[in-house]
Amino acid sequence: MTSTITTETSTVSNITQPAITIVVVPRERFSYSQQSLESIYQYTNLPFELVYVDGGSPKYVQQYLNQASEEKGFTLVRTEHFLSPNQARNLGLSYVKTDYVLFIDNDVHVSHGWLQQLWQCAQETDATVVCPLTCIGKPLHQKIHLAGGEARIFTDLKGDKTHRRVHEKHYFVNRAVIDVEEQLHRRSCEFAEFHCMLVKRSVFDQIGVLDEKLLNTREHIDFCLNVSQTGGRIYCEPASVVTYVPDILYRWSDLAFFMLRWSDEWEVKSLKRFRKKWNLDKDKYFKKRYKRLGHRRHHAFLRPLVRKFTFGKTIPWLEKLVIQLERQLNRMLTSRYQRLYGTNTQVQGTQTMSKMPG
């Protein structure tokens with residue numbers, strides 16, 4: 001399928017270093033796009049270029065981004081269909097010419113000095129990847145989602161059989177920042193998440209682009225394992241703080257993308273791809289994820305919607321029935337997307353030029 005891309009190419013005058021391009025991609029919804037982008041321009045005090053990948057946003061978001069790209073002078077890349085996260089990142093990466101690329105989702109709200117702290121950490125540690133202290137929800141910057149973590153492949157021996165497994169651990173997950181702030185310090189770690197991460201662009205010359213067969217999960221673990229195999233170093237810099245802002249979904253334009261983004265089919269394919277790629281056993285790590293298929297959709301809009309009609313009461317049999325119906329709808333939506341766009345979407349684009357004011 002060929003999609004049309006329109007772009008605005010940014011030009012920042014009288015700037016040499018640091019050389020960073022911020023690549024903004026859709027995570028799971030579109031309705032926080034304006035707040036997220038405006039926080040980047042409000043709280044970033046380092047020079048940067050910006051590439052914004054707009055994967056099929058609704059008309060009101062498209063219009064806002066078109067206007068913002070003209071005013072700010074950033075590169076706007078649009079497809080008329082939804083994109084998987086790694087598709088969007090690779091598309092944005094193809095426009096990056098700077099030494100560093102900063103991947104950030106379109107529902108992340110940054111704080112003052114966030115990029116400067118990431119850059120400083122990268123320079124002082126020679127890190128390949130640096131992630132911030134990533135918080136979650138509102139009030140902003142108060143509840144920790146990720147402060148680095150551990151991710152590695154290990155083997156264990158049971159009887160005469162060797163098993164390959166993945167170990168994953170998040171630091172300080174769901175803790176209040178104020179409760180653990182004395183323990184938060186720059187540290188080497190084994191993985192970062194794509195909510196926000198600064199990356200040396202040169203690492204892609206060694207590992208290739210991001211794996212687009214990982215449609216919606218484990219892509220951050222896969223990337224960081226590849227980085228580690230090249231000898232690259234990963235750091236978390238908690239002096240830089242951002243917040244991922246999820247929400248209860250009511251807009252159809254958000255729901256359609258969210259349902260595809262977290263579809264059962266995409267998750268199953270991603271988990272199978274990750275297992276096969278790293279030759280991993282189907283252990284409790286994977287069984288837990290198969291068991292929880294669809295939980296993001298059911299938590300983000302289905303159960304809240306049902307409880308709205310039951311005046312806040314939890315009726316298990318009704319929720320179970322609605323979930324069964326939703327799974328059928330989800331399969332139909334995913335199948336339709338597959339028929340229309342397939343898995344290997346070829347994109348072609350045209351360019352227009354604009355300059356940043358001032």
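Nothing fancy with the numbering, it's 1 onward along the sequence.
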Candidates K161, H163, R165 - the one meeting side chain to side chain donor-acceptor pair (under 3.5 Å) with D156: R165
Working for side chain to side chain contact (heavy atoms under 4.5 Å, CB included), residues S33 and Y52: CA-CA 10 Å; S33 299; Y52 200 108; 3.5 Å; yes
Do [X] and [Y] meet the cation-pi criteria used here (NZ or CZ under 6.0 Å from the six-membered ring centre, within 45° of the axis)?
{"X": "K213", "Y": "F274", "answer": "no"}
{"X": "R164", "Y": "F154", "answer": "no"}
{"X": "K282", "Y": "Y290", "answer": "yes"}
{"X": "R307", "Y": "F309", "answer": "no"}
{"X": "R296", "Y": "W262", "answer": "yes"}

Which pair of non-hydrogen atoms, one from [X] and one from [Y], has the smallest distance, and what is that distance?
{"X": "D264", "Y": "G294", "answer": "OD1-N, 3.4 Å"}
{"X": "A256", "Y": "L333", "answer": "O-CD1, 3.9 Å"}
{"X": "A127", "Y": "K200", "answer": "O-CE, 3.5 Å"}
{"X": "E193", "Y": "L146", "answer": "CG-CD2, 3.5 Å"}
{"X": "A300", "Y": "F258", "answer": "CB-CZ, 3.5 Å"}
{"X": "V242", "Y": "C196", "answer": "CG2-CB, 4.1 Å"}

Check this for me: [X], atom [atom1], are more than 12 non-hydrogen atoms of other residues, nucleotides or ligands nearer than 6.0 Å?
{"X": "Y64", "atom1": "OH", "result": "yes"}
{"X": "H185", "atom1": "NE2", "result": "yes"}
{"X": "K143", "atom1": "NZ", "result": "no"}
{"X": "L329", "atom1": "CG", "result": "yes"}

Could you check if a side-chain atom of [X] sits within less than 4.5 angstrom of a side-chain atom of [Y], using non-hydrogen atoms only?
{"X": "S263", "Y": "T334", "result": "yes"}
{"X": "F223", "Y": "I207", "result": "yes"}
{"X": "V166", "Y": "W278", "result": "no"}
{"X": "R275", "Y": "F286", "result": "yes"}
{"X": "L102", "Y": "L118", "result": "yes"}
{"X": "H195", "Y": "I104", "result": "no"}
{"X": "R297", "Y": "I323", "result": "no"}
{"X": "C135", "Y": "V241", "result": "yes"}

Sidechain N-carboxylate O distance under 4.0 Å for E219, R89: yes
E150 bridged to R152 by N-O distance under 4.0 Å: yes
Residue pair V51, I22: steps toward the side chain to side chain contact (heavy atoms under 4.5 Å, CB included) verdict: CA-CA 6 Å; V51 176; I22 297 173; over 6 Å; no
Identify whether [X] and [Y] are in the same connected component of the hydrophobic contact network (ILVMFWY, side-chain heavy atoms under 4.5 Å).
{"X": "M197", "Y": "L133", "answer": "no"}
{"X": "L260", "Y": "L214", "answer": "no"}
{"X": "V322", "Y": "W317", "answer": "yes"}

Can a side-chain donor-acceptor contact be found between [Y] and [X] if the only test is distance below 3.5 angstrom?
{"X": "R327", "Y": "N330", "result": "no"}
{"X": "H109", "Y": "Y244", "result": "no"}
{"X": "Q63", "Y": "Q67", "result": "no"}
{"X": "Q328", "Y": "Q324", "result": "no"}
{"X": "R29", "Y": "S31", "result": "yes"}
{"X": "S202", "Y": "D205", "result": "no"}
{"X": "S84", "Y": "W266", "result": "no"}
{"X": "H298", "Y": "E319", "result": "no"}

Are [X] and [Y] near enough that their ring centres are under 6.0 Å apart?
{"X": "Y337", "Y": "F82", "result": "no"}
{"X": "F48", "Y": "Y41", "result": "yes"}
{"X": "F191", "Y": "H170", "result": "yes"}

Donor-acceptor pair, side chain of N90 and main chain of L210, under 3.5 angstrom: yes
Pairwise distance [atom1]([X]) to [atom2]([Y]) - rounded to 0.5 angstrom:
{"X": "L198", "Y": "S240", "atom1": "CG", "atom2": "OG", "answer": "9.5 Å"}
{"X": "F30", "Y": "Q62", "atom1": "CZ", "atom2": "CD", "answer": "11.0 Å"}
{"X": "Q42", "Y": "L37", "atom1": "CD", "atom2": "CG", "answer": "11.5 Å"}
{"X": "K284", "Y": "R289", "atom1": "NZ", "atom2": "CZ", "answer": "11.5 Å"}
{"X": "T230", "Y": "R233", "atom1": "OG1", "atom2": "CZ", "answer": "12.0 Å"}
{"X": "K320", "Y": "I315", "atom1": "NZ", "atom2": "CD1", "answer": "15.5 Å"}

Result of checking T21, I40, I20 against L50 for side chain to side chain contact (heavy atoms under 4.5 Å, CB included): I40
Intermediate values then yes/no, side chain to side chain contact (heavy atoms under 4.5 Å, CB included), R273 and R218: CA-CA 9 Å; R273 169 63 174 174; R218 305 305 96 189; over 6 Å; no
Test log, rule salt bridge (charged side-chain N to carboxylate O under 4.0 Å, His left out), inputs E190 and K169: CA-CA 9 Å; E190 293 177 332; K169 178 181 178 180; over 6 Å; no
Residue list, ring-ring contact (aromatic ring centres under 6.0 Å, His included) with F103, at least two apart or on another chain: F194
Verdict with reasoning, N45 to Q116, per side chain to side chain donor-acceptor pair (under 3.5 Å): CA-CA 7 Å; N45 52 9; Q116 182 174 353; 3.2 Å; yes
From CA spacing to verdict: side chain to side chain contact (heavy atoms under 4.5 Å, CB included), R331, R336: CA-CA 9 Å; R331 286 193 292 269; R336 182 177 184 276; over 6 Å; no
Intermediate values then yes/no, salt bridge (charged side-chain N to carboxylate O under 4.0 Å, His left out), E80 and R78: CA-CA 7 Å; E80 295 303 324; R78 177 173 171 86; 2.9 Å; yes
